[in-house]
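A quick write-up on the structure given underneath.
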Amino acid sequence: MARIDVDLAVKTFSEHGTAAVSDAMDLLGLNGGLERLTRMSGEGTKAGPAYTLGFETVSPGVPAPAAEFIDDVPPGSVVVIANRGRTHCTVWGDILTAVAVRSGLAGTVIDGCCRDLDDIRALGYSVWSLGAYMKSGKNRVRLVTRQEPVEIGDTVVHPGDLVCADGAGAIAVPAAHVTEVTGNVLRVAGMEAAVRADVAAGTPLREARRLHGYNQMSLRPRKAT
């Protein structure tokens with residue numbers, strides 16, 4: 001994937017948001033949705049290449065120090081943490097956030113919980129997670145994979161996939177499809193802009209949708225077998 005494709009995709013996704021990206025992926029029969037994750041902090045749409053991390057639980061009494069990874073994450077990345085939906089402990093907090101802000105990271109997506117949420121919000125950093133909880137992950141979970149594919153719900157996120165996230169949640173676009181999805185996002189956004197313009201001019205919504213092929217830019221129904 002050429003660098004120009006990444007830069008254009010990040011710009012396009014950031015401008016049009018997760019709904020347009022989701023519709024663009026529907027046209028290709030791709031999912032990518034990171035279900036159940038909710039925006040906990042920050043504002044606006046964020047997009048960037050995934051930097052993936054995987055955690056596992058440790059048995060009681062087994063030492064598991066804080067994970068060391070944040071200094072290695074490239075600027076503009078979205079940190080994607082697979083904590084397997086665990087909510088009894090956290091894998092992200094205010095100190096990691098401070099470094100992320102300093103390093104110019106785009107945001108963090110967690111299949112689990114964050115803590116220090118008030119401080120994270122004060123820093124203006126964008127985090128999506130299942131919730132917030134104060135219990136530390138130290139000696140409860142440990143980092144076991146870095147920059148390897150991770151599962152977030154039913155979606156596999158690979159290092160370098162493009163993640164887009166906003167108030168509606170987060171979605172991951174496979175690196176191999178970034179160019180196609182970017183083109184489709186622009187098609188979807190153009191179609192919706194035309195519908196809005198017609199409706200603002202007095203055209204009935206059903207007619208505006210028909211004129212601009214609104215229902216053609218959606219997930220294709222499966223044929224009955």
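All figures in this text were calculated on a predicted structure; none of them were measured in a lab.
Looking at Ser14, its side chain never comes within 3.5 Å of a backbone N or O of Lys11 through a donor-acceptor pair. Judged by distance alone, with hydrogens and angles left aside, the side-chain atoms of Tyr133 form no donor-acceptor pair with the main-chain N or O of Thr90 at under 3.5 Å. Side chain of Thr97 to main chain of Gly93: a donor-acceptor pair is present (N/O by atom type, distance under 3.5 Å, no hydrogens or angles). Although no hydrogens or angles enter the test, the distance criterion places a donor-acceptor pair under 3.5 Å between the side chain of Asp161 and the main chain of Ala175. Looking at Thr203, its side chain does come within 3.5 Å of a backbone N or O of Asp198 through a donor-acceptor pair. Side chain of Arg206 to main chain of Arg210: no donor-acceptor pair is present (N/O by atom type, distance under 3.5 Å, no hydrogens or angles). For Thr52 (side chain) and His158 (main-chain N/O), no donor-acceptor pair under 3.5 Å exists by modelled atom type. Between the side chain of Thr12 and the backbone N or O of Thr182 there is no donor-acceptor pair closer than 3.5 Å. The main-chain N or O of Pro63 is never found under 3.5 Å from a side-chain atom of Arg142 such that the two would form a donor-acceptor pair. Side chain of Ser103 to main chain of Leu105: no donor-acceptor pair is present (N/O by atom type, distance under 3.5 Å, no hydrogens or angles).
Between Leu27 and Arg220, the closest side-chain pair of non-hydrogen atoms falls below 4.5 Å. Two residues are said to be in side-chain contact when any heavy atoms from C-beta on lie closer than 4.5 Å; Val78 and Val109 meet this criterion. Looking only at side-chain heavy atoms (C-beta outward), Leu143 and Leu53 come within less than 4.5 Å of each other. Looking at Thr155 and Val157, their side chains come closer than 4.5 Å, going by heavy atoms from C-beta outward. Residues Lys135 and Arg140 are in side-chain contact: their nearest non-hydrogen atoms beyond the backbone lie under 4.5 Å apart. Under the 4.5 Å side-chain criterion, counting only non-hydrogen atoms from C-beta, Asp23 is in contact with Glu192. Contact of the Lys138 side chain with the Pro65 side chain is not registered, since no non-hydrogen atoms from C-beta on lie closer than 4.5 Å.
Atom OG of residue Ser41 and atom CG of residue Asp119 lie 11.0 Å apart, to the nearest 0.5 angstrom. Distance check, rounded to the nearest 0.5 Å: CG of Leu130 to OG1 of Thr87 gives 7.5 Å. Distance check, rounded to the nearest 0.5 Å: SG of Cys114 to CG of Asn83 gives 12.0 Å. Interatomic distance, SG of Cys113 versus CD1 of Ile81, reported as 11.5 Å (0.5 Å rounding). Here CZ of Arg115 is found 9.5 Å from CE of Met134. Values are rounded to the nearest 0.5 Å. Note that the CE atom of Met25 and the SG atom of Cys164 stand 10.5 Å from one another [nearest 0.5 Å].
Taking both residues in full, the closest heavy atoms of Ser126 and Gly42 are given as OG-CA, 3.6 Å, listed atom of the first, atom of the second, then distance. Thr18 approaches Ala165 most closely through the heavy-atom pair CG2-CA, 3.7 Å. Taking each heavy atom of Ala24 and Asn184 in turn, the nearest pair found is O-ND2, 3.3 Å. Across all non-hydrogen atoms, the minimal contact from Ala47 to Ala106 is O-CB, 3.9 Å. Among all heavy-atom pairs drawn from Pro49 and Gly76, the shortest one is CD-O, 3.6 Å. Between Val10 and Gly48, the closest heavy-atom pair is CG2-CA, 4.2 Å.
In this structure, Val195 is not a member of the same hydrophobic cluster as Leu211, with clusters built from ILVMFWY side-chain heavy atoms closer than 4.5 Å. Cluster membership for Leu28 and Phe13, using ILVMFWY side-chain heavy atoms within less than 4.5 angstrom, is shared. The cluster map of Ile, Leu, Val, Met, Phe, Trp and Tyr, joined by side-chain heavy atoms under 4.5 Å apart, puts Leu37 and Val80 in the same cluster. Note on Ile152 and Val73: separate hydrophobic clusters, where clusters join Ile, Leu, Val, Met, Phe, Trp and Tyr whose side-chain heavy atoms are under 4.5 Å apart, directly or indirectly. Using a 4.5 Å cut-off between side-chain heavy atoms of Ile, Leu, Val, Met, Phe, Trp and Tyr, with links allowed through other members, Tyr125 and Met40 fall into different hydrophobic clusters.
Using modelled atom types, one finds no donor on one side chain facing an acceptor on the other under 3.5 Å when comparing Thr108 with Trp128. No donor-acceptor contact under 3.5 angstrom links the side chains of Asp26 and Ser218, judged on distance only.
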Practice item. Walk me through it: do Val178 and Val6 pass the test side chain to side chain contact (heavy atoms under 4.5 Å, CB included)? Key: CA-CA 8 Å; Val178 163; Val6 174; 5.7 Å; no

Exercise for review: Please test Lys46 against Asp166 for side chain to side chain contact (heavy atoms under 4.5 Å, CB included), starting from the C-alpha separation and ending with a verdict.
Suggested key: CA-CA 6 Å; Lys46 305 297 180 182; Asp166 58 19; over 6 Å; no

Review point. What's the verdict on side chain to side chain contact (heavy atoms under 4.5 Å, CB included) for Ile171 and Leu34, showing C-alpha distance, side-chain angles and the deciding distance?
Key: CA-CA 5 Å; Ile171 190 166; Leu34 307 182; 5.7 Å; no

Point to revise | Verdict with supporting geometry, Asp111 and Arg86, salt bridge (Lys or Arg N to Asp or Glu O under 4.0 Å) | key: CA-CA 7 Å; Asp111 187 19; Arg86 300 180 185 100; over 6 Å; no

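Using a cut-off of 4.0 Å between Lys/Arg side-chain N and Asp/Glu carboxylate O, Asp72 and Arg146 are scored as salt-bridged.
More than 12 heavy atoms of other shown residues, nucleotides or ligands fall within 6.0 angstrom of atom CG in Leu123. Under a cut-off of 6.0 angstrom, the local environment of OH in Tyr214 is sparse, with at most 12 non-hydrogen atoms contributed by other residues, nucleotides or ligands. The number of heavy-atom neighbours closer than 6.0 Å to CD of Glu56, taken from other residues, nucleotides and ligands shown, is above 12.
Using cut-offs of 30° and 60° on the angle between ring planes, the pair Phe69 and Trp92 is tilted.
Between His16 and the choices Thr45, Leu186, Val21, the side chain to side chain contact (heavy atoms under 4.5 Å, CB included) rule is met once, by Leu186.
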